[in-house]
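These notes concern the structure reproduced below.
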Amino acid sequence: MTKILVTTDTSKLGDAALPHARALARALGAELVLLSVQPDPAAGMAGEFAYAPVSVTAEEMQQEDRELQRALEQVAEGTRVMTERAGGRSIARTILDAAQAEGASMIVMTTHGRSGLGRVLLGSVAEAVVHGATIPVLLVKGEQPVAQWPE
């Protein structure tokens with residue numbers, strides 16, 4: 001295993017996968033790459049049950065991307081950071097495409113652990129990544145303690 005791609009949506013839960021991925025990468029001697037995928041602003045802001053169109057300029061998106069890059073570099077000190085716009089793709093497809101482009105050996109991401117109606121209504125990026133991946137995917141629950149992998 002040479003490269004591990006860890007994802008975050010920049011939320012507290014999304015960032016919870018990073019310590020797990022760091023520990024695993026250290027034990028395996030693998031490179032760690034942190035990816036944050038941003039949805040397309042042209043698609044609007046969709047809440048759980050609402051939709052409100054948003055108008056964002058290319059310059060504003062570039063500024064947001066630069067700010068996000070800097071923030072992630074502070075959170076993931078010593079780890080290469082990538083930010084991508086979905087560009088009309090789903091978040092899951094964007095993650096899968098990035099993993100392939102990077103030559104990743106594994107994807108590590110957190111999961112909300114939704115089930116039932118919540119999952120039906122909101123979908124699951126983690127589930128879509130697992131079903132579409134051709135490499136192993138490690139799903140981490142937010143409250144799960146970091147494993148001490150033997151080196």
Self-check item: Results of side-chain hydrogen bond (donor to acceptor under 3.5 Å, both in side chains) for D97 - residues two or more places apart only
Solution: R89, R93

Quiz item: Shortest non-hydrogen contact from Q38 to S36?
Solution: NE2-OG, 2.8 Å

Exercise. Verify the distance criterion only: is there a donor paired with an acceptor across the side chains of Q69 and R66 at less than 3.5 Å?
Key: no

Self-check item: Full working for side-chain contact (heavy atoms from CB on, under 4.5 Å) between L35 and I95
Solution: CA-CA 8 Å; L35 171 67; I95 291 168; 4.2 Å; yes

Quiz item: Is there side-chain contact between L139 and M109, with heavy atoms separated by less than 4.5 Å?
Solution: yes

Self-check item: Those residues that, when tested against A17, pass side chain to side chain contact (heavy atoms under 4.5 Å, CB included) (two or more places apart)
Solution: V6, V108, T110

Quiz item: Please walk me through it: do L96 and I107 pass side-chain contact (heavy atoms from CB on, under 4.5 Å)?
Solution: CA-CA 9 Å; L96 293 168; I107 300 169; 4.2 Å; yes

Practice problem: Compute whether any side-chain donor of one residue and acceptor of the other, for E67 and Q63, lie under 3.5 angstrom apart. | Solution: yes

Quiz item: Does some side-chain heavy atom of L34 sit less than 4.5 Å from a side-chain heavy atom of M82?
Solution: no

Quiz item: Would T111 and K141 satisfy side-chain contact (heavy atoms from CB on, under 4.5 Å), going step by step from the backbone distance to the final call?
Solution: CA-CA 6 Å; T111 180; K141 283 191 155 189; 4.3 Å; yes

Quiz prompt | Contacts of type side-chain hydrogen bond (donor to acceptor under 3.5 Å, both in side chains), residue R80, not counting sequence neighbours | solution = E31, E102

Practice problem: Provide the closest heavy-atom pair for I91 versus A86 in the form atom of the first, atom of the second, distance. | Solution: CD1-CB, 4.5 Å

Quiz item: Between I4 and L28, which heavy-atom pair has the shortest distance, and what is it?
Solution: CD1-CD1, 4.4 Å

Quiz prompt | Residue pair G14 / D9: nearest heavy atoms and the distance that separates them | solution = CA-OD1, 3.4 Å

Quiz item: Which atoms form the tightest heavy-atom contact between P136 and S105, and what is the distance?
Solution: CD-O, 3.3 Å

